Amino acid sequence: MKAFSAALALAILAIGVVDAAALDRRVRINNLSSYDIVEFYASNTGSSSWEEDILGRNILPAGNSVVINIDDGSGYCKYDFLAVFEDGDEVVSADNNVCELSDFNFTD
């Protein structure tokens with residue numbers, strides 16, 4: 001019975017560790033393109049709107065990176081990304097799992 005109790009306690013602890021790791025939704029956005037990113041959006045996959053520009057008044061210059069916490073409090077892990085570049089081009093990347101993703105690259 002002690003072995004069962006110890007195994008159960010370890011299983012519960014492991015679940016807690018997995019849940020804590022899943023809550024880390026920080027993603028490094030790498031702008032490996034030749035153009036500055038002037039707007040960046042991340043919305044739950046399937047959402048009908050892009051919400052707000054995460055960069056605000058800032059930009060993400062070509063060749064630079066920024067770490068963004070993509071946690072809107074919903075508990076979702078799947079997000080669509082939209083980057084708007086200085087030349088007006090828009091790039092959408094759908095269905096990104098931010099609970100598992102630590103880096104995301106925008107390239108030419």
Side-chain angles (χ1 to χ4, degrees):
M1 189 61 136
K2 284 185 182 181
F4 175 76
S5 296
L8 181 60
L10 283 173
I12 291 170
L13 179 62
I15 290 170
V17 170
V18 170
D19 285 344
L23 294 177
D24 185 3
R25 292 172 174 84
R26 288 175 292 192
V27 178
R28 180 180 307 279
I29 305 299
N30 302 303
N31 183 3
L32 305 178
S33 76
S34 303
Y35 299 93
D36 295 345
I37 295 176
V38 296
E39 297 175 33
F40 179 78
Y41 303 87
S43 294
N44 291 334
T45 297
S47 176
S48 60
S49 70
W50 283 108
E51 304 302 326
E52 64 194 46
D53 173 14
I54 294 172
L55 295 176
R57 291 189 265 189
N58 298 312
I59 64 167
L60 180 55
N64 285 273
S65 301
V66 64
V67 175
I68 297 175
N69 185 4
I70 305 177
D71 186 359
D72 64 0
S74 66
Y76 289 116
C77 288
K78 299 284 184 110
Y79 285 80
D80 298 335
F81 296 160
L82 166 63
V84 179
F85 291 85
E86 65 182 312
D87 64 353
D89 282 350
E90 296 182 357
V91 174
V92 175
S93 175
D95 205 33
N96 300 289
N97 188 336
V98 299
C99 294
E100 297 175 356
L101 187 66
S102 59
D103 278 274
F104 185 86
N105 297 327
F106 284 101
T107 60
D108 287 333

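The residues of the chain are indexed from 1 along the displayed sequence. Nothing here was measured: the structure is a model prediction, and the numbers come from that model.
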(request) State, to 0.1 Å, how close Ala94 and Asp80 come at their nearest heavy-atom pair, and which atoms those are. (result) CA-OD1, 3.2 Å

(request) Might you point out which heavy atoms bring Gly75 and Arg25 nearest each other, and give the distance in Å? (result) O-NH2, 3.0 Å

(message) Using every non-hydrogen atom in the two residues, find where Ala42 and Ile70 come nearest and quote the distance to one decimal.
(response) CB-CG2, 3.8 Å

(message) To the closest 0.5 Å, what do you measure between NZ (Lys78) and CG (Leu101)?
(response) 11.0 Å

(message) Counting C-beta onward and ignoring hydrogens, is there a side-chain heavy-atom pair between Val27 and Ile68 closer than 4.5 Å?
(response) no

(message) Nearest 0.5 angstrom please: Leu60 CG to Ser65 OG, how far?
(response) 7.0 Å

(message) Running the 4.5 Å side-chain criterion over Ile, Leu, Val, Met, Phe, Trp and Tyr, what cluster does Leu82 land in, apart from itself?
(response) Val38, Tyr41, Trp50, Ile59, Val84, Val92

(request) With side chain to side chain donor-acceptor pair (under 3.5 Å) as the test, would you mind laying out the steps for Ser33 and Asn31 before giving the verdict? (result) CA-CA 5 Å; Ser33 76; Asn31 183 3; 2.6 Å; yes

(request) Can you label the angle between the Phe106 ring and the Phe85 ring as parallel, tilted or perpendicular, going by 30° and 60°? (result) perpendicular

(message) Once rounded to the nearest 0.5 Å, what's the spacing between atom OG of Ser43 and atom CD of Glu52?
(response) 9.5 Å

(request) Would you indicate whether Phe104, at its atom CZ, is surrounded by more than 12 heavy atoms from other residues, nucleotides or ligands within a distance under 6.0 Å? (result) yes

(request) For Glu86 and Tyr35, indicate whether the former's side chain and the latter's backbone hold a donor-acceptor pair under 3.5 Å. (result) no

(message) Under a 3.5 Å distance rule, please check whether Arg26 uses its side chain to pair with a backbone N or O of Asp71 as donor and acceptor.
(response) no

(message) Strictly distance-based, threshold 3.5 Å: is any side-chain N or O of Asn64 a donor or acceptor partner for the main-chain N or O of Ala62?
(response) yes

(request) Ignoring hydrogens and angles, state whether a donor on the side chain of Asn30 or Asp103 is under 3.5 Å from an acceptor on the partner side chain. (result) yes

(message) So if I apply the side-chain hydrogen bond (donor to acceptor under 3.5 Å, both in side chains) rule between Tyr79 and each of Asp72, Thr45, Asn97, Asn96, which one comes out positive?
(response) Asp72

(request) Verify the cluster assignment for Ile54 and Val91: are they in a single hydrophobic cluster under the rule of side-chain heavy atoms below 4.5 Å apart? (result) yes

